[in-house]
Amino acid sequence: MVQRYQSPVRVYKYPFELVMAAYEKRFPTCPQIPVFLGSEVLRESRSPDGAVHVVERSCRLRVDAPRLLRKIAGVEHVVFVQTNVLNWKERTLLIEAHNETFANRVVVNEHCSYTVHPENEDWTCFEQSASLDIRSFFGFENALEKIAMKQYTANVKRGKEVIEHYLNELISQGTSHIPRWTPAPVREEDARNQAGPRDPGSLEAHRPGSALGPSLEAVSMDGDKLDADYIERCLGHLTPMQESCLIQLRHWLQETHKGKIPKDEHILRFLRARDFHLDKAREMLCQSLSWRKQHQVDLLLQTWQPPALLEEFYAGGWHYQDIDGRPLYILRLGQMDTKGLMKAVGEEVLLRHVLSVNEEGQKRCEGSTRQLGRPISSWTCLLDLEGLNMRHLWRPGVKALLRMIEVVEDNYPETLGRLLIVRAPRVFPVLWTLISPFINENTRRKFLIYSGSNYQGPGGLVDYLDREVIPDFLGGESVCNVPEGGLVPKSLYMTEEEQEHADQLWQWSETYHSASVLRGAPHEVAMEILEGESVITWDFDILRGDVVFSLYHVKKVPRPGAREPGTRASGQLIDKGWVLGRDYSRVEAPLVCREGESIQGSHVTRWPGVYLLQWQMHSPPGSVACSLPGVDDVLTALHSPGPKCKLLYYYEVLASEDFRGSMSSLESCTSGFSQLSAATSSSSSGQSHSSSLVSR
């Protein structure tokens with residue numbers, strides 16, 4: 001496996017020429033970096049006008065590894081070849097380095113660049129990236145990988161300190177300004193010589209933008225890159241490897257995620273939740289982004305208005321900040337009639353309200369960061385359990401609580417900075433036994449539990465809350481406006497029919513549906529069209545794998561039987577005995593959809609009847625694609641360990657007079673087309689009555 005490192009943009013608040021003078025003082029030896037044993041120049045050349053200076057060095061680095069590993073390898077130091085292309089005219093230094101020692105077993109490549117800050121020409125930016133590919137190393141591949149990455153990141157941090165050391169040394173010696181390069185006057189004879197043919201192996205081959213290194217455009221700082229000072233100021237202190245993980249995940253989202261890119265604080269929370277394991281954090285974040293899109297969570301704070309009953313009896317609310325500046329949320333669970341609330345408003349309304357609290361918490365953290373000038377990425381919850389009794393252990397209520405915990409854990413990781421549980425009664429251990437297995441271990445470490453009056457005095461709330469913030473019902477000085485809760489009158493309970501109807505409305509309000517596609521087992525959705533001139537529109541995202549999308553018109557009613565107009569039948573509906581062209585016909589040319597793409601399109605129907613949207617796995621090149629699965633495909637699907645492709649989809653049927661273009665549903669009040677797919681490029685499906693948009 002190839003290990004990669006990407007640094008943020010580090011800024012030196014000194015001119016490029018002065019930074020270059022400090023950089024040159026690192027050679028041929030550098031006492032400030034003990035592992036750097038020395039270097040020698042292999043080749044050196046300059047352009048005729050002196051603007052470009054190319055230096056190739058051989059550098060020796062001490063192997064900082066256990067003695068046994070050094071003895072097996074038979075070396076005490078390794079050799080790297082470094083090529084520097086310094087362009088005084090463009091004010092850039094491009095550096096490339098690779099290992100010569102064990103080059104057939106281990107491949108190390110490093111790319112660095114010094115460039116002028118795009119907004120301040122008297123500042124200098126530095127970027128660094130590297131890759132490590134250990135192919136074989138006497139059975140010690142994993143050990144060598146850990147040692148190499150640990151040593152490399154330590155040297156990364158040390159490298160900036162060394163440059164700053166030499167900058168301070170130059171300034172103390174009286175060198176605080178170095179003039180910029182200016183071209184020397186060119187004589188007529190020299191001009192004629194320079195205009196003649198050039199040797200392909202001359203210095204011209206080493207100009208910036210050549211095959212030697214990245215072009216200026218590749219290394220110049222832009223809005224998509226992170227500044228090291230910004231990370232320290234807005235995200236907090238991160239190790240070099242943690243910075244690298246953040247930058248790599250952010251870059252991956254920019255390259256593959258078609259829509260709104262999460263804020264850096266949000267990305268960092270998922271990395272922390274997975275201990276900065278890049279692949280695990282990426283998977284968790286992708287699932288959460290799909291969940292947010294499916295449930296339209298990004299619009300929750302603008303659209304959610306809790307029912308009046310919930311505002312009166314839900315005993316929770318925001319209350320100033322804790323001693324560290326985190327937003328403080330108070331929840332008087334013991335005073336809240338959870339059973340009554342569930343019977344009065346339903347589980348889905350309660351869940352929606354909990355999500356709005358978490359969304360508001362993230363918004364308040366951003367506000368605290370701006371107000372305090374330091375990163376605030378989590379909030380504190382004060383949970384008062386006085387009054388907790390067996391009524392709170394009502395089975396449906398506990399089941400709903402576990403569901404809410406699961407949703408919050410999966411989609412709001414590392415947002416809870418501290419949970420202060422006060423006045424825990426005797427029944428609390430029973431509740432804790434039920435819910436603790438569903439809470440992440442990192443989250444459980446943030447719980448502080450006080451029974452009785454232990455929260456008062458030293459070691460209690462005063463260690464985490466200012467005295468003027470502690471609410472009055474806990475003996476503090478602050479008047480708390482959080483609702484007191486109380487029993488919900490039974491007259492406000494919904495009947496079973498109303499409860500069932502409410503749950504159905506919430507389920508139907510889920511705009512997007514998720515589906516898994518196995519090899520030989522396509523996913524199909526049937527809809528009945530009563531009018532010939534109707535418009536079928538669709539919007540779907542491919543979350544995993546590649547699929548082929550098709551649209552069919554069916555002469556027979558597909559399994560599992562007839563459907564009322566407007567209802568949804570899904571799964572695998574086409575009977576394997578049907579013949580294409582006789583029992584059903586293709587009305588939309590097959591469209592290959594790749595992982596990460598967002599597809600929007602429409603089709604104007606010519607005949608009434610049943611239409612099928614179909615997604616099936618994309619067959620690899622060389623295989624023959626067919627619309628119906630064969631025996632081998634079915635057997636493969638049955639023995640498959642899990643879904644091979646995943647997608648989120650939405651479809652809608654509009655009357656022709658309501659249709660306003662292939663993206664009409666974006667203008668429809670009942671539509672839930674993706675809010676995240678911003679940039680799209682058109683792709684023709686080959687049908688005169690259809691159109692598609694593909695976001696890549």
Side-chain angles (χ1 to χ4, degrees), residues 504-505 507-515 517 522-541 547-591 593 598-616 627-628 647-674 682-694:
Q504 286 180 349
L505 286 178
Q507 292 172 5
W508 291 341
S509 68
E510 302 297 351
T511 305
Y512 287 83
H513 307 284
S514 61
V517 181
H523 184 77
E524 296 163 346
V525 176
M527 65 202 78
E528 185 173 1
I529 303 298
L530 299 180
E531 299 180 10
E533 289 292 324
S534 296
V535 182
I536 303 172
T537 63
W538 55 82
D539 176 20
F540 59 90
D541 284 4
V547 303
V548 177
F549 171 71
S550 301
L551 178 64
Y552 296 100
H553 179 260
V554 182
K555 295 182 178 180
K556 301 178 181 180
V557 178
R559 296 177 301 168
R563 294 277 163 171
E564 292 295 327
T567 61
R568 172 173 165 260
S570 62
Q572 185 175 353
L573 304 176
I574 295 180
D575 192 281
K576 63 181 180 179
W578 288 2
V579 177
L580 182 62
R582 185 192 69 189
D583 301 301
Y584 65 108
S585 58
R586 181 182 286 121
V587 295
E588 182 79 14
L591 178 66
C593 311
S598 180
I599 314 296
Q600 298 87 34
S602 60
H603 177 86
V604 180
T605 63
R606 298 180 180 178
W607 318 280
V610 177
Y611 286 78
L612 289 179
L613 301 174
Q614 183 194 74
W615 295 268
Q616 63 177 341
S627 59
L628 296 178
L647 65 135
L648 281 177
Y649 69 91
Y650 170 81
Y651 70 92
E652 185 176 15
V653 179
L654 300 172
S656 58
E657 60 269 17
D658 297 330
F659 181 64
R660 294 183 292 273
S662 62
M663 292 295 288
S664 63
S665 292
L666 287 172
E667 303 173 25
S668 171
C669 62
T670 59
S671 169
F673 267 62
S674 170
S682 63
S683 170
S684 174
S685 66
Q687 296 287 333
S688 60
H689 289 265
S690 63
S691 60
S692 298
L693 288 173
V694 184

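Just so we're clear, the structure is a prediction, and the values are computed from it rather than from any experiment.
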Quick check: closest heavy atoms across V517 and P522, and the distance to 0.1 Å? CG1-CA, 4.2 Å

Just say parallel, tilted or perpendicular for the rings of W607 and H553, cut-offs at 30° and 60°. tilted

Spatial distance of atom OH (Y651) from atom CD1 (I536) [nearest 0.5 Å]: 9.5 Å

In terms of ring plane angle, is the pair F540 and W615 parallel, tilted or perpendicular, where the classes change at 30° and 60°? perpendicular

Tightest non-hydrogen contact, residues D541 and I599, listed as OD1-N, 4.4 Å

For Y649 and H523, test the side chains for any donor-to-acceptor distance below 3.5 angstrom and give the result as yes or no. yes

Closest approach of S550 to R586 (non-hydrogen atoms, all atoms of both residues): OG-NE, 4.2 Å

Would you mind reporting whether V525 and W538 have side-chain heavy atoms less than 4.5 Å apart? no

When rounded to the nearest 0.5 angstrom, what is the spacing between NE2 in H603 and OG in S534? 10.5 Å

Non-hydrogen side-chain atoms of E588 and L613 separated by less than 4.5 Å: no

